[in-house]
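The structure appears right after this line, and notes come after that.
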Amino acid sequence: MHILVRSSDTGGVLVWPVSDTGTAVSAPEGSLSDEAFAAYVRQQERHAPRWVWDDTATWYPRLLARGVRIGRCHDLRLAHAILRLSTLAAESALARADPDDWQMAAAGSGNPALFDLGDGRDIAEWFRLQQEAVAGSRAPGRLRLLLAAESAGALAAAEMRFAGLPWRRDVHERLLAAELGPRAPHGIRPERLERLAMRIREALGTPALNPDSPAELLKALTDAGLSTASTRAFELRRLEHPVIEPLLEYKKRARLLSANGWAWLDAWVTAGRFHPEYVPGGVVTGRWAAHGGGALQLPKQVRGAVVADPGWKLVVADAAQLEPRMLAGVAGDRAMADAGRGTDLYAGIVAGGVVETRQQAKSAMLGAMYGATTGRSAQVLPRLAAAYPRALAAVEAAARAGERGESVTTRLGRSSPRPNATWRLAQAHASEAQATPADERRARSQAREWGRFTRNFIVQGSAAEWALCWLAEIRNRLWNLDLPHETANGRSAAPFRARPHLVFFLHDEVIVHTPAALADQVADLVREAAGQAGRLLFGEFPVDFPLSARIVDDYAEAT
DNA sequence: AAAGAGAGCGCG
DNA sequence: AAAGCGCGCTCTCTTT
C-alpha cells in the first residue's frame with residue numbers, strides 16, 4: 001500500500017491511499033493539521049505503508065520533530081531525477097516528456113502549488129508515471145531497488161540530521177587552544193598562528209606579508225629566490241628554505257581555524273550534537289553532498305571531538321577498497337573478485353603476482369578507475385589489464401562512450417548526464433574542414449576529460465548504490481533490534497534517544513551511536529548488512545565486501 | 001555592498 | 001603542454 005502526501009491549498013496536509021500503480025483506492029482525507037498528520041502517520045505505520053511525497057527533506061523533519069519515525073517512503077523528486085536520465089527507462093513517457101513540463105516539479109520545495117502542473121496532472125499522476133516508467137523499463141527490479149534505496153537514504157539523512165553526531169565542545173576547544181592559542185575575535189589571528197606568521201615574514205624579509213593571500217605569498221617566495229608556480233603545500237614540500245617549515249605549519253593551523261575553528265563550533269554544534277544537512281543525490285554520481293558545516297570533509301584532526309555519550313559506544317565501519325570491488329562486480333570479473341576474497345584486495349593483487357607492491361596495486365587500480373595516462377600508475381596498468389581483462393574492458397568501454405558523448409549507466413540504473421551544448425559544438429566543429437589544429441586538440445582534450453568522468457561514473461555511481469543499500473539495511477536492522485525492557489509504545493515515542501541509531505555517513509563509512517551493551521550486536525548487524533547489500537547488487541556473483549567495524553569511544557580511535 | 005572567480009585544502 | 005574521479009568551504013581579489 002502506498003499513501004500519497006501533499007500540502008493542501010489551505011496549508012494543511014492531504015493524504016490518500018493508492019494502489020501500487022498509482023490508482024487512488026479512496027478519496028483524500030480532509031486537510032490535516034501537522035499534529036493530526038503526525039498522528040495519522042503513527043497509526044498507519046502499523047501497516048508498513050510506503051509514503052509517497054515530493055521531498056523527504058521537507059516532510060520527514062516535521063514528523064521526526066513530533067516523535068514519529070517511518071519505515072519506507074518514495075521520494076518523487078529523487079526518483080524523478082533518476083528516471084529522467086536512466087537509459088533503462090529511456091522509452092518511458094516520463095523520460096520523453098518535455099523538460100518544461102517538469103521544471104517546477106524538479107525544482108523541489110514545500111510549495112503547495114508544486115504539483116499543479118496546469119493540465120490536471122498532480123502528485124498522483126506524477127507517481128503513476130514513475131511507476132509506469134519502472135515497470136516498463138529494461139530492468140524493473142534494479143530500478144525499483146535503486147529508487148527504494150535512494151528514498152531510504154533520504155530517510156536516513158533526515159534521521160541523522162535530527163539525531164546529530166555526538167560532539168564534545170570541550171574536547172574540540174582544548175584542541176583549538178593547543179594548536180592556535182586562546183580564542184581571538186574573528187578576523188584577528190590567535191596568538192600561536194600570529195607567531196608563525198611573524199616567522200614567515202622574517203624568513204622572507206617581508207614585514208607586511210599576509211600569508212593568507214596566495215598572490216602576496218607567491219610573490220614573496222619568488223622574490224626570495226624560490227622557484228614555485230603555486231603556494232600549494234604539495235609544491236612547497238619539495239623546496240629547501242627556512243620559510244618552508246613555519247609556512248607549512250601555518251597553513252595547517254590556519255585551515256583548522258577557518259574550517260573547523262570556534263566559529264564553526266558556534267554555528268554547527270548545539271547541545272553536544274553536530275547537525276549537518278545531508279543532500280542525498282546531491283552529486284551526479286549518486287553520492288550524497290552536504291550543506292553547512294562541511295559534514296563530508298571533517299578533518300581527521302578534529303575527529304577526537306566525536307565522542308560517544310557516557311554508557312554508549314560508537315560503531316565505526318567502513319568498506320575496504322569499495323570501488324575496485326565494485327568494478328569487479330560491475331564487470332563480472334571473477335579474477336578480480338577472487339583477488340579480493342576475504343582480504344585486502346590490493347594485497348590479493350600482489351599475491352597473484354600481478355605487481356610487486358601493495359602501493360603499485362593501489363595506484364594502478366586508482367589509475368584504471370580515474371583514467372590516468374601518465375605517471376607511475378599508468379606504467380603498471382598494462383599488467384593489471386593482462387590479469388583482469390574484463391574489469392579493464394569495462395572502464396575502457398565507459399570512457400569511450402563518454403568520449404563519444406553518450407551516457408553510461410551504473411549497476412542499478414543511474415545514468416550519467418550528457419555533455420552540454422558547448423562540448424558538442426566543439427566536437428562537431430573539430431571535424432569540419434576549417435578546424436584548426438588547436439580546435440582539434442581542444443576537442444580531443446575535452447572528449448578525454450568527459451571520458452574520464454564517465455569511466456569513473458560507473459564505478460563511483462555503483463559504489464554509491466551499494467552504500468545506499470548498506471545504509472538502508474543497517475537502518476532497518478537497527479530498528480528491528482529487540483531491546484530489553486522496551487515497549488512498542490516507548491519505541492515510537494522517542495525514535496532515537498534510547499536506541500542504537502545512525503549518526504554519520506561518509507560515502508563508504510558509517511557511524512552508529514549505540515548503548516554499550518548492544519555494541520557487539522550492532523557491529524555484527526552492520527557486517528551482515530554489507531553482505532546483504534552485495535547480494536542485492538550482484539546476486540550470486542561472488543564478490544566480497546569486507547568491512548572494518550570498530551567499537552570505540554571516539555572517532556579518532558577508529559582512524 | 002554584493003556577487004563571482006580563483007586558489008587552496010579538507011574528505012571519499 | 002597537459003595533467004587520474006567526485007565534492008564543499010573559506011579566503012582573497014576583482015568585477016558589478
Side-chain angles (χ1 to χ4, degrees), chain A residues 186-187 189 209-219 228-237 247-248 250-261 263-264 267-268 276-279 281-303 318-324 326-327 362-379 381 395 398-399 402 408 410 416-417 437-438 441-442 444-446 448-464 466-467 504-510 555 559:
Chain A
H186 189 75
R189 279 193 195 89
L209 174 71
N210 171 12
D212 294 327
S213 165
E216 273 185 52
L217 185 56
L218 184 61
K219 181 170 187 313
T228 178
S230 77
T231 67
R232 287 205 295 264
F234 177 77
E235 299 256 8
L236 298 178
R237 255 185 274 280
L247 182 51
L248 291 174
Y250 178 88
K251 278 174 165 288
K252 195 158 179 61
R253 294 178 199 222
R255 166 84 193 180
L256 174 66
L257 173 65
S258 69
N260 297 98
W264 181 89
W268 296 106
E277 179 191 357
Y278 295 98
V279 186
V283 177
V284 272
T285 57
R287 275 186 174 183
W288 289 9
H291 282 156
L296 305 184
Q297 308 139 255
L298 281 184
K300 300 221 159 92
Q301 231 177 343
V302 302
R303 291 183 179 183
D318 71 278
Q321 306 99 37
L322 178 57
E323 293 199 345
M326 197 56 55
L327 175 55
K362 183 174 179 177
S363 38
M365 274 306 316
L366 292 177
M369 294 186 298
Y370 293 162
T373 54
T374 61
R376 229 172 275 153
S377 72
Q379 281 168 25
L381 224 103
V395 282
V408 296
T410 58
S416 64
R441 246 195 334 271
R442 195 166 48 245
R444 200 156 40 235
S445 146
Q446 286 177 1
R448 290 208 179 110
E449 192 176 321
W450 198 261
R452 287 194 300 277
F453 164 61
T454 51
R455 170 195 293 269
N456 186 248
F457 186 95
I458 60 164
V459 180
Q460 189 183 116
S462 300
W466 180 90
F504 194 60
F505 175 62
L506 183 54
H507 307 315
D508 59 359
E509 181 174 344
V510 300
Y555 191 13
T559 49

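Letters go in sequence order (proteins before strands), and every chain restarts at 1. Since we're looking at a predicted model, the values are computed, not measured.
- Remark: the backbone N or O of A:Val283 is not paired with any side-chain donor or acceptor of A:Trp288 at under 3.5 angstrom.
- Within the nucleic acid shown, A:Asn210 comes within 4.0 Å of sugar-phosphate atoms alone, with no base atom in reach, counting heavy atoms only.
- Using a 4.0 Å heavy-atom criterion, one finds that A:Arg255 contacts the bases of the nucleic acid, with or without backbone contacts as well.
- Atom CZ of A:Arg237 is separated from atom C1' of B:dC9 by 11 Å (rounded to the nearest Å).
- Running 5' to 3' along DNA chain C, contacts with non-hydrogen atoms of chain A at under 4.0 Å begin and end at C:dG4 to C:dC13.
- Residue A:Arg448 places its CZ atom among 12 or fewer non-hydrogen atoms of other residues, nucleotides or ligands, all under 6.0 Å distant.
- Nucleic acid contact for A:Arg287: base, since at least one base atom lies under 4.0 Å from a heavy atom of the residue.
- Across all strands, A:Leu322 comes closer than 4.0 Å to no nucleic acid atom at all (heavy-atom distances).
- Here B:dG12 presents its P atom at 11 Å from OH of A:Tyr370, a figure rounded to the nearest Å.
- A side-chain donor-acceptor contact under 3.5 Å links A:Ser462 to the backbone of A:Ile458.
- Here the side chain of A:Arg455 pairs a donor or acceptor atom with the backbone of A:Ala368 at under 3.5 angstrom.
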Given the rule that a pair is Watson-Crick or G-U wobble with both distances under 3.5 Å, how would you write DNA chain C in dot-bracket, using | for pairs to a different strand?
....||||||||||||
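- Taking atom CH2 of residue A:Trp264 and atom P of nucleotide B:dG10, one finds them 16 Å apart after rounding to whole Å.
- Between the side chains of A:Tyr250 and A:Arg189, a donor-acceptor pair is found at a separation under 3.5 Å.
- If you check every strand for non-hydrogen atoms under 4.0 Å, A:Ser363 touches a base.
- Taking atom CG of A:Asp212 as the reference point, atom C1' of B:dC9 lies 13 Å away to the nearest angstrom.
- One finds the CD atom of A:Glu323 at 8.0 Å from the CG atom of A:Leu366 (value rounded to the nearest 0.5 Å).
- Residue A:Ser230 is in sugar-phosphate contact alone, with no base atom involved, counting any heavy-atom pair closer than 4.0 Å across all strands shown.
- For the pair A:Lys251 and B:dC9, the criterion of a side-chain N or O lying under 4.0 Å from OP1 or OP2 is met.
- Not one N or O on the side chain of A:Arg287 forms a donor-acceptor pair closer than 3.5 Å with the backbone of A:Gly461.
- To the nearest angstrom, C1' of B:dG8 lies 13 Å from CG of A:Leu248.
- Between A:Lys300 atom NZ and B:dC9 atom P the separation is 17 Å, expressed in whole Å.
- More than 12 heavy atoms of other residues, nucleotides or ligands lie within 6.0 Å of NZ in A:Lys251, so this atom counts as buried by the packing criterion.
- Heavy atoms of A:Gly282 sit nowhere under 4.0 angstrom from any nucleic acid atom.
- Residue contacts shown for A:Val284 are limited to sugar-phosphate atoms, with no base heavy atom under 4.0 Å away.
- A:Phe234 places its CZ atom 14 Å from the C1' atom of B:dG8, with the value rounded to the nearest Å.
- In this structure, the side chain of A:Glu216 engages the main chain of A:Asn210 through a donor-acceptor pair within 3.5 Å.
- A:Leu296 has its CG atom 8 Å from the C1' atom of B:dC11, to the nearest Å.
- At the heavy-atom level, A:Arg442 lies nowhere under 4.0 Å from the strands shown.
- Side chain of A:Ala233, nearest nucleotide from B:dG8, B:dG12, B:dC9: B:dC9.
- Judged by distance alone, the side chain of A:Thr454 and the main-chain N or O of A:Phe457 form no donor-acceptor pair under 3.5 Å.
- Mapping A:Glu323 and A:Trp268 onto DNA chain C via the closest heavy atom, the residue that lands nearer the 5' end is A:Glu323.
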